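Please read the structure below before turning to the comments.
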Amino acid sequence: MMMVVKDIPIAVYFQIANIIKNQILTHELTPGAKLPTENQMAEKYDVSRLTVRKALGMLIEENLVYSIRGSGTYVTDADKWKPRPIAEENFEKWLQERVELPLRIHEYAMVSNTETISKNLQNPDDKFIFRISGVSFYNEQPLMYPKWHIPYDLGRKIPMGGLDEGPFIPQFETEVHPDQIE
């Protein structure tokens, strides 16, 4: 389970939005699913309702969820999602944390390329891609469950067993030399 970490330079509401966004994009929360109430989320993440509201506001802006007054907040149908990249003002901090966080890799596999992934990676000719997923840790506590999809030509250059539990991005850059990237 991903958790909120209050002593890193990433806003708590942003972390909560990221946790819920990942649950939606990985289909842990399916379209039509009702989210817990603001009070339940505030208790779960040990934050104020205002922080939860701010996180939900980010998700509403991306049309990942919608709210019905007096009824609750629900996951939107996938064809209406408009996920945005990380906000520019948080990108530097986010990237730095991602580079430094240890990642325990749970999966490094070649999988079938899907229409969605193909569109995002712009690799419609690849029948397969590589998927790397695991758990990022901060102060030895699980923080995020990141998942990367890597085009076949790039992923095949990473030697199996060549990655350890250290920060993923520097390892990736070491294993795949710049002259190997077209």
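Because the structure is a prediction, the values reported are computed rather than measured. Numbering starts at 1 and runs along the sequence shown.
- No side-chain heavy atom of K34 sits under 4.5 Å from any side-chain heavy atom of T73.
- Note that CD1 of I117 is 11.5 Å distant from CG of D126, once rounded to the nearest 0.5 Å.
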Evaluate the side chain to side chain contact (heavy atoms under 4.5 Å, CB included) criterion for residues Y74 and I68: first the C-alpha distance (whole Å), next the side-chain angles of each, then the deciding distance (0.1 Å), finally the verdict. CA-CA 8 Å; Y74 300 86; I68 300 174; 4.1 Å; yes
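- In the hydrophobic clustering of ILVMFWY residues, with side-chain heavy atoms under 4.5 Å counting as a link, I150 and M110 come out together.
- Residues L25 and K21 have side chains in contact (heavy-atom distance under 4.5 Å, counting atoms from C-beta outward).
- In terms of the side-chain contact (heavy atoms from CB on, under 4.5 Å) criterion, residue partners of R53 (sequence neighbours excluded) are, by chain and number, E38, R49.
- Side-chain contact between V75 and L64: absent, with no pair of heavy atoms (C-beta onward) separated by less than 4.5 Å.
- The two residues A78 and P31 come nearest to each other via the heavy atoms N-CG, 4.0 Å.
- Both W81 and I20 sit in one connected hydrophobic cluster of ILVMFWY residues. Membership requires side-chain heavy atoms under 4.5 Å apart, directly or through other members.
- Of all non-hydrogen atoms in S118 and P124, the two that sit nearest each other are OG-CA, 3.1 Å.
- Here T114 contributes atom OG1 and L121 contributes atom CG; the two are 8.5 Å apart, rounded to the nearest 0.5 Å.
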F14 vs M58, side chain to side chain contact (heavy atoms under 4.5 Å, CB included): CA-CA, chis, key distance, verdict: CA-CA 8 Å; F14 187 81; M58 286 181 61; 3.5 Å; yes
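- Of the possible polar contacts, one joining the Q40 side chain to the T37 backbone as a donor-acceptor pair under 3.5 Å is found.
- When all heavy atoms are compared, the tightest approach of I19 to Y45 is CG2-OH, 3.6 Å.
- In this structure, V65 and I24 have side chains that are in contact, with non-hydrogen atoms separated by less than 4.5 Å.
- Rounded to the nearest 0.5 angstrom, Y13 OH and S48 OG are separated by 12.5 Å.
- Put simply, the side chain of V4 does not reach to within 4.5 Å of the side chain of D46, judged on heavy atoms.
- Inter-residue side-chain proximity for E28 and N22 is flagged as unmet; no heavy-atom pair is nearer than 4.5 Å.
- Checked against a 6.0 Å centroid threshold, the rings of Y152 and F128 do not count as neighbours.
- A continuous path of hydrophobic side-chain contacts links M41 to V47 [ILVMFWY only; heavy atoms under 4.5 Å].
- At least one donor-acceptor pair under 3.5 Å links the side chain of N113 to the backbone N or O of N123.
- Taking all atoms of both residues into account, the shortest heavy-atom contact from A17 to L59 is O-CD2, 3.6 Å.
- Summarising the geometry, atom CG belonging to L56 is positioned 6.0 Å from atom CD1 belonging to I60; distances are rounded to the nearest 0.5 Å.
- Expressed to the nearest 0.5 Å, how far CD1 of I16 lies from NZ of K44 amounts to 9.5 Å.
- To the nearest 0.5 Å, atoms OG1 (T76) and CG (N63) are separated by 4.5 Å.
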